[in-house]
Amino acid sequence: MDNKKQHIAIFTTASLPWMTGTAVNPLFRAAFLAKDGSRKVTLVIPWLSLQHQKLVYPNNITFTSPSEQQVYVRQWLQERISFSPAFSIQFYPAKFAVDKRSILSVGDISEVIPDEDADVAVLEEPEHLTWFHHGKRWKTKFRLVIGIIHTNYLEYIKREKNGRVKALVVKYINSWVVEIYCHKVIRLSAATQDYPNSIICNVHGVNPKFLEIGKKKIELQQSGNGNQAFTKGAYYIGKMVWSKGYKELIKLLQDNQKELIGLEVDLYGSGEDSDEVQAAAKKLDLVVRVYPGRDHADPVFHDYKVFLNPSTTDVVCTTTAEALAMGKIVVCANHPSNEFFKQFVNCWTYDNSKGFVEATSRALTEEPAELTGAERHELSWEAATERFLRVADLDQVFERKPERSHLKNFASISLNTRMEDVSAYLHYVALGSETSRRAFGAIPGSLQPDEELRKELGLAIPAATQGSKDPVDTS
């Protein structure tokens with residue numbers, strides 16, 4: 001192994017065409033880690049059978065085989081980057097849980113990577129990937145397991161019925177599985193759940209397309225022809241559910257209608273709460289237009305000057321980064337999720353309702369500052385990859401040697417190891433039966449892939465499972 005290239009296997013919880021953060025960001029991470037050819041990279045993404053694809057993928061996009069979906073994913077990426085990265089894509093069996101609005105793995109997904117290639121594993125959303133894991137222990141199979149915390153699960157859960165009680169339970173479970181399965185934990189911001197010995201670092205960049213849009217805006221500003229780079233006012237884009245910032249934005253607009261007289265805001269998004277958001281917007285005295293969701297890189301967004309984002313459920317908001325890359329002024333809450341963005345001159349934060357009014361009014365009357373080269377780099381995936389390699393200590397993996405313990409510390413280290421082993425064994429046993437898995441909230445029939453998933457992925461079909469098919473979980 002020491003004479004081979006370092007092998008990084010990136011496991012994630014979603015895939016294109018679902019345009020969600022864990023589909024897009026790990027894909028870019030794989031591409032940029034593979035860019036210089038110095039390491040072997042494998043991106044491991046979920047494969048859904050047709051009935052599950054129809055539940056999650058937009059615009060009636062479906063695939064008859066993993067190879068067909070791989071072509072789609074690679075083509076999407078190639079349209080957004082200027083190089084051809086040499087990384088492989090593998091699929092693991094998965095199902096879509098309607099009640100959780102999430103894709104969940106089926107069986108032991110660590111088996112996708114052969115033991116002889118098991119070097120470094122990156123678990124994008126490690127808690128999500130290991131809640132229902134039953135199989136080889138990640139820390140035993142891989143030399144180094146890095147968890148990247150993407151989602152503020154606790155904040156979302158707190159907004160549900162009996163949310164505070166549920167959040168306490170999920171907090172404990174998250175801590176349990178992340179500790180037993182990850183050597184190192186990277187939190188994208190302090191907005192996420194805290195984990196012992198975790199590192200806070202934004203290891204995400206923006207789609208290069210947005211930096212290109214911003215570059216053209218700078219050229220237009222510098223042209224001296226009297227052309228305005230930005231001819232539209234304020235907007236917001238996000239999945240149209242109340243928890244994605246719409247509740248906060250509508251309330252801020254409602255509470256400050258007199259102070260914001262004349263303000264016009266365009267909202268773009270699609271989601272379960274679209275009708276309610278539209279109804280609330282119509283009740284305002286201000287002009288608030290609501291449009292269906294579309295790609296943030298669409299030309300319709302290029303001329304907006306001000307991006308309003310009051311969301312506090314994000315960890316590091318992708319659309320905020322994209323707006324900054326496009327050269328816009330961003331008005332956002334003074335919140336841990338926005339800490340990374342405070343270094344940019346066009347990021348204006350507010351602490352309260354009065355601050356929102358002041359920042360928004362000023363942003364509409366002033367021009368954005370031109371992005372510096374340093375700011376552009378900081379937003380890029382090149383910089384994000386540098387940060388990731390640094391905080392993950394990946395360059396030092398091969399030099400790792402067993403730590404020498406002082407005699408007085410040996411007992412406590414040994415005890416901690418034994419306790420973690422026991423904890424991992426308890427999780428293995430607890431998730432080893434269909435009954436206990438259902439009690440934990442797993443999808444029916446997720447202990448092993450069913451016959452359909454096995455056929456589609458080319459997996460061996462045990463005799464005991466011949467002819468079996470599990471239903472879609474619509475609970």
Side-chain angles (χ1 to χ4, degrees), residues 7-18 20 22-23 26-27 30 40-57 60-77 87-98 100 102-119 121-126 128-138 141-142 431-432 434 437 442-473:
H7 182 207
I8 302 175
I10 301 170
F11 292 79
T12 191
T13 56
S15 174
L16 297 173
W18 193 12
T20 189
T22 51
L27 176 59
K40 184 179 175 185
V41 179
T42 302
L43 178 65
V44 188
I45 57 180
W47 167 256
L48 299 171
S49 292
L50 185 61
Q51 57 183 336
H52 288 263
Q53 290 180 40
K54 288 177 178 177
L55 294 172
V56 62
Y57 294 155
N60 299 314
I61 301 172
T62 56
F63 308 98
T64 57
S65 67
S67 58
E68 187 182 340
Q69 185 169 4
Q70 180 172 170
V71 169
Y72 179 97
V73 170
R74 289 192 183 278
Q75 186 175 337
W76 184 95
L77 178 66
F87 68 93
S88 61
I89 295 178
Q90 298 290 335
F91 290 82
Y92 65 81
K95 296 184 178 185
F96 183 69
V98 176
K100 297 179 179 64
S102 295
I103 294 172
L104 296 170
S105 58
V106 174
D108 180 4
I109 67 172
S110 73
E111 291 179 348
V112 172
I113 303 297
D115 289 351
E116 60 270 21
D117 290 333
D119 183 14
V122 178
L123 305 186
E124 310 265 358
E125 289 197 305
H128 186 145
L129 285 168
T130 59
W131 282 327
F132 310 116
H133 178 71
H134 180 74
K136 284 190 178 177
R137 190 173 166 194
W138 291 89
K141 172 153 183 165
F142 292 89
L431 275 298
E434 193 64 39
R437 290 176 70 81
I443 301 175
S446 61
L447 185 57
Q448 292 294 335
D450 58 33
E451 185 179 345
E452 185 179 11
L453 279 170
R454 287 181 181 276
K455 278 184 178 177
E456 291 168 345
L457 289 167
L459 304 173
I461 301 176
T465 66
Q466 292 281 351
S468 69
K469 255 190 184 181
D470 290 307
V472 175
D473 176 27

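The first residue in the sequence is number 1, and the count goes up from there. All values reported here derive from a predicted model rather than from experimental measurement.
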Chemist: Closest heavy-atom contact between H134 and D108?
Modeler: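 Looking at all heavy atoms of both residues, the shortest contact is O-CB, 3.7 Å.
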
Chemist: Between Y72 and F63, is the ring centroid distance below 6.0 Å?
Modeler: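 Ring-ring flag for Y72/F63: true, centres closer than 6.0 Å.
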
Chemist: Salt bridge between D450 and K95, side-chain N to carboxylate O under 4.0 Å?
Modeler: yes

Chemist: Measure the spacing between OH of Y57 and OG of S15 and express it to the nearest 0.5 Å.
Modeler: 5.0 Å

Chemist: Looking at every heavy atom in both I10 and E124, which two are closest together, and how far apart are they?
Modeler: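 So the minimum-distance heavy-atom pair works out to CG2-OE2, 3.5 Å.
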
Chemist: Provide the closest heavy-atom pair for L453 versus P93 in the form atom of the first, atom of the second, distance.
Modeler: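 Nearest pair, atom of L453 first, then P93: CD1-CB, 4.0 Å.
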
Chemist: Distance from H128 atom NE2 to T130 atom OG1, nearest 0.5 Å?
Modeler: 10.0 Å

Chemist: Could you tell me whether K136 and D115 make a salt bridge, using a distance below 4.0 angstrom between a side-chain N and a carboxylate O?
Modeler: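 Looking at K136 and D115, the cut-off is met.
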
Chemist: How close do A9 and F142 get, counting heavy atoms only, and between which atoms?
Modeler: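 The answer is CB-CE2, 4.5 Å.
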
Chemist: What closest approach, in Å, do P26 and T12 show between heavy atoms, and which atom pair accounts for it?
Modeler: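 In this case the closest contact between P26 and T12 is CG-OG1, 3.3 Å.
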
Chemist: Answer with yes or no whether the side chains of T22 and T20 bring together a donor and an acceptor at under 3.5 Å.
Modeler: no

Chemist: Between T42 and H7, does any side-chain donor sit less than 3.5 Å from a side-chain acceptor?
Modeler: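 Yes.
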
Chemist: Measuring from I109:CD1 to Q90:CD, what's the distance to the nearest 0.5 Å?
Modeler: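 These two atoms lie 12.5 Å from each other.
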
Chemist: Walk me through it: do K40 and D119 pass the test salt bridge (Lys or Arg N to Asp or Glu O under 4.0 Å)?
Modeler: CA-CA 10 Å; K40 184 179 175 185; D119 183 14; over 6 Å; no

Chemist: Between H133 (side chain) and S105 (backbone), is there a donor-acceptor pair under 3.5 Å?
Modeler: no

